[in-house]
Novice: 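Submitted below is the structure of interest, expressed as structure tokens.
Chain letters run A, B, ... following the sequence lines, proteins first and then strands; every chain starts at 1.
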Number of protein chains: 2
Amino acid sequence: MVREPLGEEAAAELSRMFKALSDPIRLRLLSLIASHEGGEACVCDLIGPFDVSQPTISHHLKVLREAGLVGSERRGTWVYYWVLPEALAKLSALLEIPAASAKALA
Amino acid sequence: MVREPLGEEAAAELSRMFKALSDPIRLRLLSLIASHEGGEACVCDLIGPFDVSQPTISHHLKVLREAGLVGSERRGTWVYYWVLPEALAKLSALLEIPAASAKALA
DNA sequence: ACTCTGTTTCGACGTCTGTCGATACAGTCG
DNA sequence: CGACTGTATCGACAGACGTCGAAACAGAGT
């Protein structure tokens, strides 16, 4: 991000990912999934902690999935979600500002 | 994010920052500022690269500023913006998923 | 003081987003 | 097959968001 001014297409794709993270419920969902034992969680584990309805949680999970941040799979009765680490790593790397680039050190 | 399930307040604050990054123009603005010589840029440097009006750019800069991602200061005729590295570092660290936590390695 | 340039604020408009209840779909177990 | 549980989709609605043109504000220079 510091080296190149970030082209239009790249910015569009990245902004879609960040948009998925721009809701407090989705952030908490992601951290619940990531911190869940085995690295994955069933939808039924994700409804309890929130005050919103089940369809709303389902909607948020869909947003996370379509942003490429989580994967999902049905196994029998339940649907499991897990985090896709490459996606988060991509965003994390983008936000790393080399200390030498900070204004204070210029 | 992997260790603790991310409390409501923390999620709310972080989601505000991610929301500021959820627009392609704001992402490009941020990278333009970060990659600009000296680590800061004048608003007049930030208008040219975009197809939107100047008030719209000003609006986006305000969003970035209120999210705590950039600082700004008027010096004479021009207003300068710079990135606040601590804020980006905070988000970057949040998104770092230890490899051992990935589902594939569980 | 006046004007000119750079920047922000204001008011309005159409679109997108989060939420809900109701409903449909998927699998399991009698 | 039929009922039951878990999950996704649909349709609707209120509120938030990105954008614009017009207007206000801030400094610099004449």
Side-chain angles (χ1 to χ4, degrees), chain A residues 6 8 11-33 36 38 40-82, chain B residues 6 8 11-33 36 38 40-82:
Chain A
L6 202 53
E8 288 190 40
E13 187 199 343
L14 290 164
S15 68
R16 263 180 259 120
M17 292 180 160
F18 282 123
K19 183 168 293 180
L21 298 176
S22 71
D23 183 279
I25 290 188
R26 286 198 291 269
L27 267 186
R28 290 174 62 202
L29 278 172
L30 198 67
S31 76
L32 274 174
I33 295 170
H36 202 269
E40 59 180 11
C42 160
V43 175
C44 57
D45 296 324
L46 302 174
I47 294 175
F50 299 96
D51 287 337
V52 300
S53 69
Q54 176 270 323
T56 298
I57 296 296
S58 189
H59 162 70
H60 284 307
L61 289 170
K62 184 180 185 180
V63 172
L64 288 172
R65 185 165 17 96
E66 292 185 338
L69 297 177
V70 303
S72 71
E73 182 188 15
R74 175 166 219 124
R75 288 205 288 276
T77 303
W78 298 278
V79 177
Y80 293 87
Y81 282 78
W82 57 87
Chain B
L6 203 54
E8 288 189 40
E13 187 199 343
L14 291 164
S15 69
R16 264 180 259 120
M17 291 179 159
F18 282 124
K19 182 167 293 181
L21 298 176
S22 71
D23 182 280
I25 290 187
R26 287 198 291 268
L27 267 186
R28 291 174 62 203
L29 278 172
L30 198 66
S31 76
L32 274 175
I33 294 171
H36 202 268
E40 60 180 11
C42 162
V43 175
C44 56
D45 296 323
L46 302 173
I47 295 175
F50 300 95
D51 286 337
V52 299
S53 70
Q54 178 271 325
T56 297
I57 295 296
S58 188
H59 163 70
H60 285 307
L61 288 170
K62 183 180 184 180
V63 172
L64 288 172
R65 184 164 16 99
E66 292 184 339
L69 298 176
V70 303
S72 71
E73 183 187 15
R74 176 165 218 124
R75 289 205 287 276
T77 302
W78 298 279
V79 176
Y80 292 87
Y81 282 79
W82 57 88

Novice: Of the non-hydrogen atoms in Trp82(A) and Ile33(A), which two are nearest, and what is the gap between them?
Specialist: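 In terms of heavy atoms, the two residues are closest at CA-CG2, 3.6 Å.
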
Novice: Working to the nearest 0.5 angstrom, can you tell me the gap between Leu61(A) CG and Ile47(A) CD1?
Specialist: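 Here the interatomic distance stands at 8.5 Å.
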
Novice: Under 4.0 Å, heavy atom to any atom of DNA chain C: which of residues 56-70 of chain A qualify?
Specialist: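 Residues of residues 56-70 of chain A that come under 4.0 Å of DNA chain C are, in numerical order, Thr56(A), His59(A), His60(A).
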
Novice: Could you give the CZ-to-C1' distance, from Phe50(A) to dT19(C), as a whole number of Å?
Specialist: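 Result: 15 Å.
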
Novice: Rounded to the nearest 0.5 Å, what's the gap from CZ on Arg28(B) to OG on Ser15(A)? Could you check?
Specialist: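 Reported value, rounded in 0.5 Å steps: 11.0 Å.
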
Novice: Base contacts versus sugar-phosphate-only contacts with protein, heavy atoms under 4.0 Å: please encode nucleotides 22-28 of chain C as B, S and - from 5' to 3'.
Specialist: B---SSS

Novice: If you walk 5' to 3' along DNA chain D, what is the first nucleotide with an atom under 4.0 Å of a heavy atom in chain A, and what is the last?
Specialist: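 Range of nucleotides touched by chain A: dG6(D) to dT9(D).
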
Novice: Mind checking if Tyr81(B) touches a base, just sugar-phosphate, or nothing, with heavy atoms under 4.0 Å?
Specialist: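 Sugar-phosphate contact only.
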
Novice: Testing the basics here: between Val43(A) and Tyr81(A), what is the closest heavy-atom pair and its distance to 0.1 Å?
Specialist: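 Between these two residues, the closest heavy atoms are CG2-CE1, 3.5 Å.
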
Novice: Which heavy atom of Arg65(A) sits nearest to which heavy atom of Ser72(A), and what is that distance?
Specialist: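 Closest pair (atom of Arg65(A), atom of Ser72(A), distance): CD-OG, 3.2 Å.
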
Novice: Whether Arg75(A) engages the ring of Tyr80(A) as a cation-pi pair (distance to the six-membered ring centre under 6.0 angstrom, angle to the ring normal within 45°) should be assessed.
Specialist: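 Judged by the rule, Arg75(A) and Tyr80(A) form a cation-pi pair.
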
Novice: Quick one: do Leu69(A) and Leu21(A) satisfy side-chain contact (heavy atoms from CB on, under 4.5 Å)? Show the steps, please.
Specialist: CA-CA 9 Å; Leu69(A) 297 177; Leu21(A) 298 176; 3.7 Å; yes

Novice: Please check: side-chain N/O of Arg26(A) versus main-chain N/O of Lys19(A), any donor-acceptor pairing under 3.5 Å?
Specialist: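 Flag set: sc Arg26(A) to bb Lys19(A) pair under 3.5 Å.
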
Novice: With nearest nucleotide decided by heavy atoms, which residue, Ser72(B) or Asp51(A), maps closer to the 5′ end of DNA chain C?
Specialist: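 The residue closer to the strand's 5' end, by nearest nucleotide, is Ser72(B).
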
Novice: Reckon Tyr80(A) touches a base, only the sugar-phosphate, or nothing at all at heavy-atom distances under 4.0 Å?
Specialist: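 Counting heavy atoms under 4.0 Å across all strands, no contact is made by Tyr80(A).
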
Novice: Does a side-chain N or O of Ser53(A) approach OP1 or OP2 of dC20(C) to a distance below 4.0 Å, or not?
Specialist: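 For Ser53(A), the contact criterion (side-chain N or O under 4.0 Å from OP1 or OP2 of dC20(C)) is met.
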
Novice: For Ile25(A) and Ile57(A), run side-chain contact (heavy atoms from CB on, under 4.5 Å): C-alpha distance rounded to whole Å, both residues' side-chain angles, the deciding distance at 0.1 Å, then the answer.
Specialist: CA-CA 8 Å; Ile25(A) 290 188; Ile57(A) 296 296; 4.2 Å; yes

Novice: Please give me the minimum heavy-atom distance between Leu64(B) and Ala20(B), naming the atom from each residue.
Specialist: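 Scanning both residues, the minimum pair turns out to be CD2-O, 3.9 Å.
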
Novice: How long is the span from the CG atom in Leu27(B) to the CD atom in Glu13(A), to the nearest 0.5 Å?
Specialist: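 Here the rounded value is 11.0 Å.
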
